[in-house]
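Structure first, then comments.
Both backbone and side-chain heavy atoms feed into the values below; hydrogens, waters and symmetry mates do not. All values reported here derive from a predicted model rather than from experimental measurement. Order of the sequence lines sets the chain letters (A, B, ...), proteins ahead of strands, with each chain counted from 1.
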2 protein chains.
Amino acid sequence: MSAPHGAEGSGEVAEDLGGGRKRTGRRPGVTLSRHAILQAARSRFAEHGYAGASVRAIANDAGVDAALIHHFFLSKEGLFAASIHDALHPEAVVEAVLGGKGVRGTGERLVRTFLALWEGETTARQMRSILRSAASHEAAARILREFITQEVLVPIARTTGRTHPDVRASLAASQLVGLAMTRYIVEIGPLATLPQDDVVACVAPTLQRYLTGALPAPFDA
Amino acid sequence: MSAPHGAEGSGEVAEDLGGGRKRTGRRPGVTLSRHAILQAARSRFAEHGYAGASVRAIANDAGVDAALIHHFFLSKEGLFAASIHDALHPEAVVEAVLGGKGVRGTGERLVRTFLALWEGETTARQMRSILRSAASHEAAARILREFITQEVLVPIARTTGRTHPDVRASLAASQLVGLAMTRYIVEIGPLATLPQDDVVACVAPTLQRYLTGALPAPFDA
DNA sequence: TCCACAATTCAACGACAACTCAATTAAAAC
DNA sequence: GTTTTAATTGAGTTGTCGTTGAATTGTGGA
C-alpha cells in the first residue's frame, strides 16, 4: 500500500499565502508539476479505476490546481492515456520471456516477468490502473486487449512453433489476467499472500501446457 | 448485447400526461416498478460498473422517478446489493459440480457450471456487475472474495480430499476469474469467440490439476 | 530590453451526482 | 367506510464533476 503521505511530496514548489491560497502565475525554477500530476494520477486510477478517480482529487494529490491538468493533458482521457503510457514495453517483456534460452522454461519465465511488473512501485500502479479501469472503461479495455494479443502473447506463442498460436496465447492470457485479479485486485485467499516463487511454481506448468503442450481434441485431432 | 429498447418494457404502467410528465401518486394494479428497477440496475452495473452507473440513469431505464429508488432501496449501495443478491447460489453451484459423480470430472464440471452462469440472460448481467464492480468497488470485491473462497471453492477442494485445499481453491479461482475477464469483459482474441465446449476442453485439465493433481515442491515436498 | 510563450491559479459554468421532503394517489387493514 | 400504509412524482438541496477563459507570473530567445 502507498505511504500515508501519498503521491504528494514532489510539488512543494508553491508556497501558500494565507488560507490555502497559492500565488498565481508561473513558479521559478524547473517545472515538476507535470510529473507530480502523472504520479498522482497513477495512484488514483490504480486505486479507484477510471470513473472513480476525479480530476480534482488528482490535482489535489499533486498539490496543483485542477485546471493545470487540462493545460498539460487536455482532458481526463488524455491524462489517463499519458498515465499508463509506456507502462507496457512489449519488446522488454518478450525479450525477457524468450531470452534465447529455448522453449522449455517459457511458462516459468512468463509468470516471473509478469509478476515482476506487479511488484515494482511504478509499474504496479500502472498495471492496477489498466486492469481496474479495463473492467469498466472501454479505452482501457482496448489498450489491454491489444497489448496482450498483439504485442506479447502472439509473438511468444509464434516462436514456440506450435499450432493455433492465437488460441494458446489467449489461454495463457486468461491465466495471467486471472492471477493478477485474484492476487492483486480482489485479493483472494492464499494467492494474495503466497511468496512469489510459490505462485510461479504453481502457475508455470499451466502456462507451459497452454503454450507448448497438446491442445484438446477439437484443435489437434 | 441488450436489445435497443433496453431494460424498460416492464414499467409501462404510468401513462404520461403531456410533456413527458407522469401523474403523481400510486398507480393502480400490481406494482412492477421494484422489479423494473432491479433489472435496469443489473444492466447498468453490468455495463458501466458501480461508479459508472448513476441512479438517475437506472431510474430512467426503468421508466421511474429517481426518488423511487431511494424509497425502495434507501441508497445506491442498497440497490447494488439487492441487484446482485442471490446471483450466486452456492449450494446450487457446489451441487452441480460435485454431483456425486466422483472426483475425476470435477474440473470439467466446474468450468461448465461457471460458464453456464455467464450465458444465462439474468445471471450473466449479475456476473458482469459483480466482476466489473469488484475491480474498483470494495463492497463488490468483498462479495466476490467471500463467495469464491468460502462458499464454492473451499468446499469443492475439501471434498477432493487433497492437501492444501485453500491453495488449490485459490488457484482454480484465478483461472476462472481470468477466464471470465478475458472471455466476457475484455474480450481477448479467440477466447471470446470459441464455442463453450472448446473452452471447457482447454481449461478443464488446468482446474483438474489445481484441484486434484500434485502441487509443486514447496507444498508437498 | 522586449516579446512570445509556458506555467499556474481563480472563478465560474453547466451538467449531473446522490439524496430528501412534502404532496398525491392507490391499496390494504380495520 | 375509515384509517393506515405503500407507491409515486415534483421540487429542491448540497455537492462534485469535467471543463473553460481570463489573469498573473516566470522563462527563454531575439
Side-chain angles (χ1 to χ4, degrees), chain A residues 10-38 40-41 44-45 48-83 137 139, chain B residues 10-38 40-41 44-45 48-81 137 139:
Chain A
S10 2
E12 314 310 345
V13 205
E15 65 276 35
D16 48 7
L17 16 163
R21 289 252 183 325
K22 294 180 189 169
R23 196 172 76 264
T24 172
R26 185 170 184 163
R27 304 287 174 271
V30 282
T31 291
L32 306 171
S33 301
R34 191 192 159 94
H35 188 249
I37 290 171
L38 278 176
R44 285 275 166 183
F45 286 135
H48 305 102
Y50 182 80
S54 81
V55 171
R56 292 167 128 97
I58 293 169
N60 194 51
D61 286 356
V64 137
D65 190 277
L68 193 57
I69 290 185
H70 290 90
H71 172 68
F72 281 131
F73 304 100
L74 297 179
S75 68
K76 188 184 179 181
E77 274 284 348
L79 173 60
F80 179 75
S83 79
H137 191 235
Chain B
S10 4
E12 313 310 345
V13 205
E15 66 275 36
D16 48 9
L17 17 162
R21 287 251 184 326
K22 294 180 190 170
R23 196 171 78 262
T24 173
R26 184 169 182 161
R27 303 289 174 270
V30 282
T31 291
L32 306 171
S33 301
R34 190 192 160 95
H35 189 248
I37 291 171
L38 278 176
R44 285 276 164 183
F45 286 135
H48 305 102
Y50 182 80
S54 82
V55 171
R56 291 161 124 94
I58 291 169
N60 195 51
D61 286 356
V64 137
D65 191 278
L68 192 56
I69 290 185
H70 291 94
H71 171 68
F72 280 133
F73 305 100
L74 298 179
S75 68
K76 186 184 180 182
E77 274 283 349
L79 173 60
F80 179 75
H137 191 235

May I ask you to say what B/A53 touches in the nucleic acid, namely base, sugar-phosphate or nothing, with a heavy-atom cut-off under 4.0 Å?
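Here B/A53 touches the backbone only, sparing every base.
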Sugar-phosphate only, base, or nothing, as touched by A/R34 at under 4.0 Å among non-hydrogen atoms:
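The residue A/R34 makes no contact with any strand.
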Just verifying a value: how many Å separate [X] [atom1] and [Y] [atom2], rounded to the nearest 0.5 Å?
| X | Y | atom1 | atom2 | value |
| --- | --- | --- | --- | --- |
| B/L32 | B/R27 | CG | CZ | 12.0 Å |
| B/F73 | B/L38 | CZ | CG | 4.0 Å |
| A/I37 | A/L68 | CD1 | CG | 4.5 Å |

Distance, rounded to the nearest Å, where [X] contributes [atom1] and [N] contributes [atom2]:
| X | N | atom1 | atom2 | result |
| --- | --- | --- | --- | --- |
| A/I37 | C/dA6 | CD1 | P | 16 Å |
| B/I58 | C/dA18 | CD1 | P | 8 Å |
| B/L32 | C/dA26 | CG | C1' | 14 Å |
| B/R27 | D/dT8 | CZ | C1' | 5 Å |
| A/N60 | C/dT8 | CG | C1' | 16 Å |
| A/L68 | C/dA7 | CG | P | 8 Å |
| A/R26 | C/dC5 | CZ | C1' | 8 Å |
| A/F45 | D/dG18 | CZ | P | 9 Å |

Check whether B/K76 reaches the backbone of B/I69 with its side chain - one donor and one acceptor, N or O, closer than 3.5 Å.
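It does not hold such a pair.
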Of all the choices, [options], which nucleotide is nearest to the side chain of [X] once you look at every atom?
| X | options | value |
| --- | --- | --- |
| B/F72 | C/dC19, D/dG21, D/dT8 | D/dT8 |
| B/H70 | C/dA18, C/dA7, D/dG10 | C/dA18 |
| B/P28 | C/dA27, C/dA7, C/dT20 | C/dA27 |
| A/T31 | C/dT9, C/dA7, D/dT5 | C/dA7 |
| A/A67 | C/dA26, D/dT20, D/dT8 | D/dT20 |

Is there a donor and acceptor pair, one atom on the side chain of B/R56 and one on the base of C/dA17, closer than 3.5 Å?
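Such a pair exists between side chain and base.
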Ignoring hydrogens, what is the shortest heavy-atom contact between B/H70 and B/S75? Give both atom names and the distance.
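So the two residues come closest at CD2-CA, 4.0 Å.
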Of B/T24 and B/V55, whose nearest nucleotide on DNA chain C comes first from the 5' end?
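Between the two, 5'-proximity favours B/V55.
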Quick check on DNA chain C: between B/G29 and B/A66, whose nearest nucleotide comes earlier from the 5' end?
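First, find each residue's nearest nucleotide; the 5'-ward one identifies B/A66.
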Side-chain N,O (B/S54) to OP1/OP2 (C/dC16) below 4.0 Å
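No, B/S54 has no side-chain N/O under 4.0 Å of OP1/OP2 on C/dC16.
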